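Below is one structure, written out as structure tokens; comments come after it.
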Amino acid sequence: MFSIDFNDLGQVAMTGRLDAAQAATAQAFLDQVSGECILNLAELEYMSSAGLGVLLKTHKRLMSGSSGLKLVNVNSHINDIFRYSGFDKLFDISLLQK
Amino acid sequence: MKKFFARSFDQIAPIVDATDHFFKERNIDPSLRTSVDLCIEELFVNMVNYNTETQREILLEMEPVNGGIEVSLTDYDVERFDPTTPRDINIDAPLTERTQGGLGVYLVLKMVDSIHYEYHDRQSKITFQIKRGKI
């Protein structure tokens, strides 16, 4: 189960599992976003390389307009994937506080 | 556990369900779960994306091993394609030079404790073991 939508704070919130089956849904939503975008991952349990591809493509597009993606409330599993893939050097990341 | 799955990304959710059932039934260490899910998805997606000449289902097998789990994925009636060769990915490259390509298998090789590729009679089989959760 995966969902993506704006939350009450105007952030983009993802929930569930962002895998290869859900990447197109996430990409279609994020393709409509412009300017500085805060992606709230508090309720996202899992992300594979397909999800990393979505973040990378979106971040590149937004950075070309001098903004970008900021990732907040990232859980430890997903942060580990960011570290292994070097994404921790590409994104502004805030971890989920327990 | 031996189970066949159709060559579709729609099968990722049923694969996750089957993995969940196997972990509970065989009392596998839950700390291995995310690493196992990631490796299965990346290798399954690789087979679906690159072995396009067949419609045969992909076999997923799981067995408990001492201190962990062994997982195999077998693709039938396909050309040889060994994804286990280490990929040269520069994770320190700047954003403009980064691409998604190769990242899935790169992550698999980081997650597993061992991985083995076999090819015979047009069957492509990848077997990996995970005994320590990396993520």
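Every chain is numbered from 1 and lettered A, B, ... according to where its sequence line falls, protein lines coming before strand lines. Every heavy atom of this structure was used, including side-chain atoms; hydrogens, water molecules and symmetry mates were not. Because the structure is a prediction, the values reported are computed rather than measured.
One hydrophobic cluster, built from ILVMFWY side chains closer than 4.5 Å, holds both A/L30 and A/M47. B/V16 and B/F4 fall into different hydrophobic clusters, defined by Ile, Leu, Val, Met, Phe, Trp and Tyr side-chain heavy atoms under 4.5 Å apart, directly or through other members. B/I126 and B/V65 fall into different hydrophobic clusters, where Ile, Leu, Val, Met, Phe, Trp and Tyr side chains are chained together by heavy-atom contacts under 4.5 Å. Residue A/L62 is grouped with residue A/F91 when hydrophobic side chains (ILVMFWY) are merged at heavy-atom distances under 4.5 angstrom, including chains of intermediate members.
Shown here for B/L38 and A/Y46, the closest heavy-atom pair between the two residues is CA-OH, 3.3 Å. In terms of heavy-atom proximity, A/S85 sits nearest to B/L103 at CB-CD1, 4.0 Å. Here the shortest heavy-atom pairing between B/L95 and A/L90 reads N-CD2, 3.7 Å. B/Y106 approaches A/Y84 most closely through the heavy-atom pair CE2-O, 3.3 Å.
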For B/K134 and A/D80, what are the C-alpha separation, side-chain angles and deciding distance, and is it a salt bridge (charged side-chain N to carboxylate O under 4.0 Å, His left out)?
-> CA-CA 8 Å; B/K134 315 292 194 306; A/D80 286 341; over 6 Å; no
Side chain to side chain contact (heavy atoms under 4.5 Å, CB included) between B/D37 and A/R17, intermediate numbers included | CA-CA 11 Å; B/D37 279 355; A/R17 299 174 65 90; 3.1 Å; yes
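For B/F81, the ring pair (Phe, Tyr, Trp, His ring centres under 6.0 Å) criterion is met by B/Y50, not counting sequence neighbours.
Ranking A/G53, A/G86, A/A20 against chain B, the residue ahead of the rest is A/A20, based on heavy-atom pairs under 4.5 Å. The candidate with the highest count of non-hydrogen atom pairs below 4.5 Å against chain A, out of B/E42, B/K110, B/Q11, is B/E42.
For B/T96, the part lying near chain A is the backbone, with the side chain staying farther off; criterion is any non-hydrogen pair under 4.5 Å.
Formation of a donor-acceptor pair under 3.5 Å by the B/E41 side chain with backbone atoms of A/S48 is not found in this model.
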